[in-house]
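Every chain is numbered from 1, with letters handed out A, B, ... down the list of sequences.
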Amino acid sequence: MQLIAKTYSPQEVEDKWYKFWEENNFFHASPTPNKKPYTIVIPPPNITGILTMGHVLNNTLQDVFIRWKRMQGFEACWVPGTDHAGIATQNVVERDLIKKGIYRRALGREEFVKKIWEWKNEYGSTIITQLRKLGSSFDWRREKFTLDPNLSIAVQEVFVKLYEKGLIYKGKYIVNWCPKDHTAISDDEVNFTESLGHLWHIKYKIQNADEYISVATTRPETMLGDSAVAVNPKDERYKNLIGKNVLLPLSNRIIPIIADDFVDAEFGTGAVKITPAHDMNDYQTGLRHNLPQLIVMDTSGKMNENVPKKYQGLDRYECRKEVLRDLEKLSLLEKMEDHTHSVGHCYRCDTVIEPYLSDQWFVKMKPLAEPALQVVKDGKIKFHPDRWTKVYEHWMENIRDWCISRQLWWGHRIPAWYCVGDSACKIECKNAIVSIEKPKSCPHCGSTNLVQDEDVLDTWFSSWLWPFSVFEGPNKKEDLEYFYPTNTLVTGPDIIFFWVARMIMAGLEFQKEIPFRDVYFTSIIRDLDGRKMSKSLGNSPNPLDVISTYGADALRFTVIYLAPIGQDVLYSNEKCEIGRNFANKIWNAARFLLMNRENLDGASLSSTSQNHNLDFIDTWISSRFSSTVKNITKALDEFNLNEAVKILYSFLWHDFCDWYVEFTKHRIYLSDDINYKTTLVDRAISIFDDSLKLLHPFMPFITEEIWQNLSERKKNETITLQDWPKWNESEIKTQIENEMIYLQNVIGAIRSIRSEMNIAPSIKLNVSMRVSDEKRILLFEQNNSILKKLTNVEEFIIGKDITKPQASASAIIMGDEIFVPLKGLIDLDVERNRLEKEILRLENQLHGVMAKLNNEKFTSSAPKDILEKELSKKENFSSSIEKLKISLLELGN
RNA sequence: GGACGCUUAGCUCAGCUGGUUUAGAGCGCCGCCCUUACAAGGCGGAGGUCGUAGGUUCGAUCCCUACAGCGUCCACCA
């Protein structure tokens, strides 16, 4: 007997078992011909990340799938790893260095990258190591990092392939520029937030006329880069101005008034200033009208040399103030109104994005998107919940090219080279040479003076290869063949475009096969007020603290218990009491069994125990267990872990502990037969043993701890590798389950009467029952002494023709009448009240049934079985009412 | 502007393609119990006209329409 403590202490067992699992390599998977693979790749957390509740949910779900499949006999492979996270990491390390007085630019690229690697080697595995605390059964031998040499080669190969296929191009386009991070970011990395701004109306003077045209803008400072003023061609107000020029204030440049359909005559003044280098729409308009693209800011968002001297060097917002002040002085500011609009922010640092014209690399997405759209439409890849497929399809059908170059130092450098040549240089030499290796010389002029592109690739450009790049290495071919495509991807819906969609494209393009079959989109964890967990709000609990107070199992169980598929979860630490209390319940069930086992020690069991027939309750619990296995397996197959955990909770707590153990307890106490007792305990242990297996994927630590103590185990035996229980359809016995419901109701009724009549638990009662059915009488006889224990009844008098004792409380259970003589124990008014209330309730029910039955349309068109059910309901209700009325009458006498 | 989701007990949510549930669970609440596994527990109980208004149907928490509130995503916003 080792389970002595009355309450379970996770802290004392969790680390021990993780170490045991890891040292025995239970989680390692390798291609095994006679076993089916089941593969999950972790959504690689950023190396700068710390463990959040989001990670907890995400990784718990994956671990449940993996552990379950492993027990089902699959070669289950869960690949751990981390993401280099370009901008995020570079920022973190740069900030770190600044504290030490070291500056990135002074350090130089090579040294700075070296510093990041040092940082990575020290802190980069923090988060993934923390996942051990959660019990995650990763194949640690396969841990990967997106910047590992093998994975980097994969990135470069893919880049070259796409380039050669014409799907990667370089060009000057307007992109989302982050002035703080000094890099372009993709459309998807921009967060729009509504904010209150202003709409300024500025007067531009028409050239050679004493007339003005007013333009409306939210960004006056960009007027320094204006190339035109546009109006709608149908706008009567401005028709005569089209083709004329205006004098751009402050810069005093002459720019044309042009007509373009995109201008909405209703908005603002109906005239728009066009700044092709600093606005997405204006950029397009500029192309249509062949307008000059004047860049007026530098990469930090400060005004550059293309603006009048007084504005040069000013930050864009300071410049705005100056421009407005100057316009005011010139009386060119017609009016200012409040205007709410959405403003793009950098998803990393929240700085306001500047649309910025620059040289960038892009991936042409349409050709990649088409097959990726198809596999989802065809159901080859399924989303759970399904509604995300619509979102996916919409995005894929309207996909835009992907800007993949980043002006950072940390990441995969673009494998493109430029001739910076010699005197012999030709125009073609300026073109990029795309190649994994540095070319020996320029193919055009022969110069050996070549430099690599300064930019690195978007982090997602390595992430989208993750489901197959993780298998890069010496066994690449076998591993890929065996483990790819992976089975299930578990991730948040927030990265459906960033990551999920792109992985599908990359899988199909480079492996000619989908990367995974099912995508499980997790819930978003929020606080009790429904706010997203975030560092700045300080509302995100540290999972490690939660684990140390409640235990990893409790945390795992709780998040799954709280997270139905596709719904957000409102979480607070206190909710972990659900999991903790459940763990404790399991713990005590184990204590009960083992204490009894110990008391019986010495009794031999094997041969004699076989001689004892199964009691009613044994058949019942087997039936319940089989249903439970069946239903849990079904729920897991359907990705419904929340449902699975509830089924298990209810089975273990209510069926097993509340009823089966309670019955068994009294069977043990009532018997003198040591063999019988031993049989009972062993049966209970056997069912409990199997139940622990069902629970193991959800609560790996406590189940291992108990399982190891439940019987003699061989060295290095583990619940982790036990077979997932199978159910036997023939053991599911509806008849038995109904009989049990009957008994539960009888017991419940007696307890209820006792409680409502305020009869002390210590007072023994006598109970008579008028039972119609022979089988039920038999059932009573079989369980008589246990029923007496469970209800504290002195004597049951059961029969078909029982007369109601005087002054007794009564109740009706599934047609049978039960009488509890009260002989002065209580005020009969209480009972009268109780009966009247019950009669009223039944009468209401009957009323509803009669409404249906009196409706001819119902009786003529309802299906037969429904009709019969209503008829039998009617019978039951009216006979019950009658019986209760008689009881009520007798009470009055 | 477009799409999606949510609205059921005081709180957080189930209710899986219309009649088997007398609308359930956990927490909270009320009452009784420290009964030899468990007070992180046991037993009993109160509490809901299933967001509003229509419609389909013999029958609607469930299907349809409109509306309201909350939330999310996409697009656009001079």
Side-chain angles (χ1 to χ4, degrees), chain A residues 3 6-8 192 194 199-200 215-219 222 229-230 262-264 267-275 279-282 339-343 385 387-388 390-391 394-395 398 493-494 496-497 524 526 528 530 550 554 561-564 566-572 574-575 577-578 580-596 635 638 640 642-643 646 649-650 657-658 661-662 665 669 747-748 751-756 758-762 789-790 792 841-842 844-845 848 851-852 855-863 865-867 869-870 873 877:
Chain A
L3 311 178
K6 270 181 139 183
T7 50
Y8 171 59
F192 285 92
E194 288 277 300
L199 192 62
W200 285 277
V215 298
T217 181
T218 54
R219 301 199 53 201
T222 63
V229 170
F262 104 95
V263 179
D264 176 4
F267 188 91
T269 61
V272 189
K273 56 190 272 317
I274 303 296
T275 321
D279 182 279
M280 297 287 177
N281 270 318
D282 294 2
H339 179 65
T340 308
H341 59 147
S342 57
V343 178
R387 65 186 150 88
W388 292 106
K390 248 190 164 173
V391 178
H394 180 258
W395 191 74
N398 298 285
D494 48 332
I496 185 168
F497 307 133
I524 293 170
R526 300 173 179 280
L528 292 182
Y550 293 96
Y561 188 90
L562 292 175
Q567 287 305 122
D568 290 354
V569 171
L570 305 193
Y571 172 89
S572 71
E574 297 71 47
K575 290 198 174 180
E577 286 175 16
I578 299 169
R580 182 200 60 182
N581 293 357
F582 183 55
N584 197 233
K585 187 75 183 175
I586 301 303
W587 177 259
N588 276 290
R591 280 184 77 223
F592 169 79
L593 296 174
L594 290 173
M595 283 167 106
N596 279 285
E638 290 167 356
N640 204 343
N642 172 255
E643 172 82 6
K646 286 183 171 172
Y649 181 91
S650 163
C657 292
D658 289 351
V661 168
E662 286 304 311
K665 182 191 288 179
Y669 297 160
I747 294 165
R751 285 171 173 172
S752 177
I753 287 171
R754 187 190 280 281
S755 177
E756 282 183 48
N758 254 316
I759 302 166
S762 52
K789 284 279 177 196
L790 291 174
N792 198 21
R841 209 199 51 145
L842 287 170
N844 280 333
Q845 297 291 336
K852 279 187 190 174
N855 184 340
E856 215 179 299
K857 284 186 175 168
F858 172 77
T859 48
S860 60
S861 54
D865 55 323
I866 298 297
L867 190 61
K869 269 171 201 167
E870 292 300 322
K873 267 193 207 172
F877 289 143

Q: List RNA chain B stems (3 or more consecutive Watson-Crick/G-U pairs, under 3.5 Å)?
A: B:1-7 with B:68-74, B:10-13 with B:24-27, B:29-33 with B:41-45, B:51-55 with B:63-67

Q: For the P atoms, the ones on B:C4 and on B:A40, what distance do you get once it is rounded to whole angstrom?
A: 48 Å

Q: Of the candidate nucleotides B:C43, B:A37, B:C4, which contains the atom at the shortest distance from the side chain of A:Met595?
A: B:A37

Q: Check every atom of B:G44, B:C74, B:A37 against the side chain of A:Glu756 and return the nucleotide holding the closest atom.
A: B:G44

Q: State which of B:U12, B:A37, B:G44 makes the closest approach to the side chain of A:Ser755.
A: B:G44

Q: Distance between the P atoms of B:A75 and B:C67, in whole angstroms?
A: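 Approximately 26 Å lies between the P atom of B:A75 and that of B:C67.
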
Q: In whole Å, I'd like the distance from the CG atom of A:Asn584 to the P atom of B:C38.
A: 10 Å

Q: Between B:U65 and B:C43, how far is it from one P atom to the other, in whole Å?
A: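 46 Å, rounded to whole Å.
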
Q: Once you apply a heavy-atom cut-off of 4.0 Å, does A:Asn855 come out as touching a base, just sugar-phosphate, or nothing?
A: sugar-phosphate

Q: Without decimals, in angstroms, what is the distance between A:Ile496 CD1 and B:C74 P?
A: 11 Å

Q: For B:U57 and B:G10, measure between their P atoms and round to the nearest Å.
A: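 These two P atoms come out 35 Å apart once rounded.
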
Q: Do any N or O atoms from the side chain of A:Asn588 and from the backbone of A:Asn584 form a donor-acceptor pair under 3.5 angstrom?
A: yes

Q: On RNA chain B, check which nucleotide each of A:Asp264 and A:Arg526 is closest to and give me the residue with the more 5' one.
A: A:Arg526

Q: Using the P atom on both, measure B:G41 against B:G54 and round to a whole Å.
A: 46 Å

Q: For RNA chain B, whose closest nucleotide is more 5', that of A:Ile524 or that of A:Asn642?
A: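 Its nearest nucleotide lies further toward 5', so the answer is A:Asn642.
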
Q: Decide yes or no, distance alone: a donor-acceptor N/O pair under 3.5 angstrom between the base of B:C38 and the side-chain of A:Lys585.
A: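 Side chain to base: pair found, below 3.5 Å.
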
Q: Between A:Trp395 and A:Phe497, what is the ring plane arrangement, given parallel below 30°, perpendicular above 60°, and tilted in between?
A: parallel

Q: Would you mind classifying the nucleic acid contact of A:Arg387 as base, sugar-phosphate or nothing, using non-hydrogen atoms under 4.0 angstrom?
A: sugar-phosphate

Q: Contact between A:Phe592 and A:Lys665 at the side-chain level, heavy atoms closer than 4.5 Å - yes or no?
A: yes

Q: For A:Val569, report the nucleic acid contact type (base, sugar-phosphate, nothing); a contact means any heavy atom under 4.0 Å.
A: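 Counting heavy atoms under 4.0 Å across all strands, no contact is made by A:Val569.
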
Q: When you compare B:G31 with B:G18, how far apart are their P atoms, in angstrom units rounded to a whole number?
A: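 44 Å, rounded to whole Å.
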
Q: With a 3.5 Å distance limit and no angle check, can you tell me whether A:Asn640 reaches the backbone of A:Ala635 through a side-chain donor-acceptor pair?
A: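 No; judged by distance alone, with no hydrogens or angles, the pair does not exist.
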
Q: Treat primed atoms plus P, OP1 and OP2 as sugar-phosphate and everything else as base, then score nucleotides 16-28 of chain B 5' to 3': B for base contact with protein heavy atoms under 4.0 Å, S for sugar-phosphate contact only, - for none.
A: ---BB-B--SS--

Q: In Å, rounded to the nearest 0.5 Å, how long is the span from NZ of A:Lys273 to CH2 of A:Trp200?
A: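 One finds 11.5 Å between NZ of A:Lys273 and CH2 of A:Trp200.
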
Q: When we call it a touch if two heavy atoms are under 4.0 Å apart, what does A:Val661 touch: a base, just sugar-phosphate, or nothing?
A: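 A:Val661: base contact, heavy atoms under 4.0 Å.
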
Q: Nearest whole angstrom, please: distance from the C1' of B:C73 to the CH2 of A:Trp388.
A: 7 Å

Q: Under 4.0 Å, heavy atoms only, any strand: does A:Leu199 hit a base, just the sugar-phosphate, or nothing?
A: sugar-phosphate

Q: For the residue pair A:Leu790 and A:Arg751, establish whether any side-chain heavy-atom pair is separated by less than 4.5 Å.
A: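 In short, these two side chains touch, coming nearer than 4.5 Å.
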
Q: Whole angstroms only, please: what is the CG-C1' distance between A:Asn588 and B:U36?
A: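 Atom CG in A:Asn588 sits about 13 Å away from atom C1' in B:U36.
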
Q: A:Lys6 side chain N/O closer than 4.0 Å to the phosphate oxygens (OP1, OP2) of B:A39?
A: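 For B:A39, OP1 or OP2 has a side-chain N or O of A:Lys6 closer than 4.0 Å.
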
Q: Round to the nearest Å and state the distance from A:Glu856 atom CD to B:G59 atom P.
A: 14 Å

Q: Considering residues at least two apart in sequence or located in another chain, which fulfil the side chain to side chain contact (heavy atoms under 4.5 Å, CB included) criterion with A:Glu756?
A: A:Ser752, A:Arg834

Q: Between B:U56 atom P and A:Lys857 atom NZ, what is the distance in whole Å?
A: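 About 11 Å, once rounded to whole Å.
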
Q: Using modelled atom types and a 3.5 Å cut-off, is there a donor and acceptor pairing between side-chain atoms of A:Arg754 and backbone atoms of A:Ala760?
A: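 Answer holds: yes.
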
Q: Using the C1' atom in both, what is the distance from B:C11 to B:C16, to the nearest Å?
A: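 Per the computed distance, 25 Å lies between those C1' atoms.
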
Q: Among the nucleotides B:C74, B:A37, B:C4, which one has an atom lying closest to any side-chain atom of A:Lys390?
A: B:C4

Q: As a test of reading the structure: which of B:C38, B:A37, B:G45 is closest to the side chain of A:Phe592, going by heavy atoms?
A: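 Shortest atom-to-atom distance from the side chain points to B:A37.
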
Q: Given atom NZ of A:Lys665 and atom C1' of B:G42, what is their separation to the nearest angstrom?
A: 9 Å

Q: If you compare every side-chain N and O of A:Ser752 against the phosphate oxygens of B:C43 (OP1, OP2), does one of them come in below 4.0 Å?
A: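 For A:Ser752, the contact criterion (side-chain N or O under 4.0 Å from OP1 or OP2 of B:C43) is not met.
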
Q: Under 4.0 Å, heavy atoms only, any strand: does A:Glu574 hit a base, just the sugar-phosphate, or nothing?
A: nothing

Q: Could you go step by step and tell me if A:Phe858 and A:Glu870 meet the side chain to side chain contact (heavy atoms under 4.5 Å, CB included) rule?
A: CA-CA 11 Å; A:Phe858 172 77; A:Glu870 292 300 322; 3.7 Å; yes

Q: Are A:Arg591 and A:Lys6 packed together at the side-chain level, in the sense that at least one heavy-atom pair is separated by less than 4.5 angstrom?
A: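 Side-chain contact under 4.5 Å: yes.
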
Q: If we ignore hydrogens and angles and just use 3.5 Å, is the side chain of A:Arg219 paired with the main-chain N or O of A:Asp279 as donor and acceptor?
A: no

Q: Would you measure the distance from the P atom in B:C63 across to the matching atom in B:G19 and give it in whole Å?
A: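 Here B:C63 and B:G19 have their P atoms 12 Å from each other.
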
Q: Picking from B:C43, B:U36, B:C38, which would you name as closest to the side chain of A:Asp658?
A: B:C43

Q: Can you name the nearest heavy-atom pair linking A:Leu199 to A:Thr218, along with the distance?
A: CD1-CG2, 3.8 Å

Q: Between B:C43, B:A37, B:C73, spot the one nearest the side chain of A:Val391, thanks.
A: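 Among the listed nucleotides, the one closest to the side chain of A:Val391 is B:C73.
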
Q: Would you mind reading off the distance between A:Asp494 atom CG and B:G71 atom P, rounded to a whole angstrom?
A: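 Nearest whole value for this atom pair: 18 Å.
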
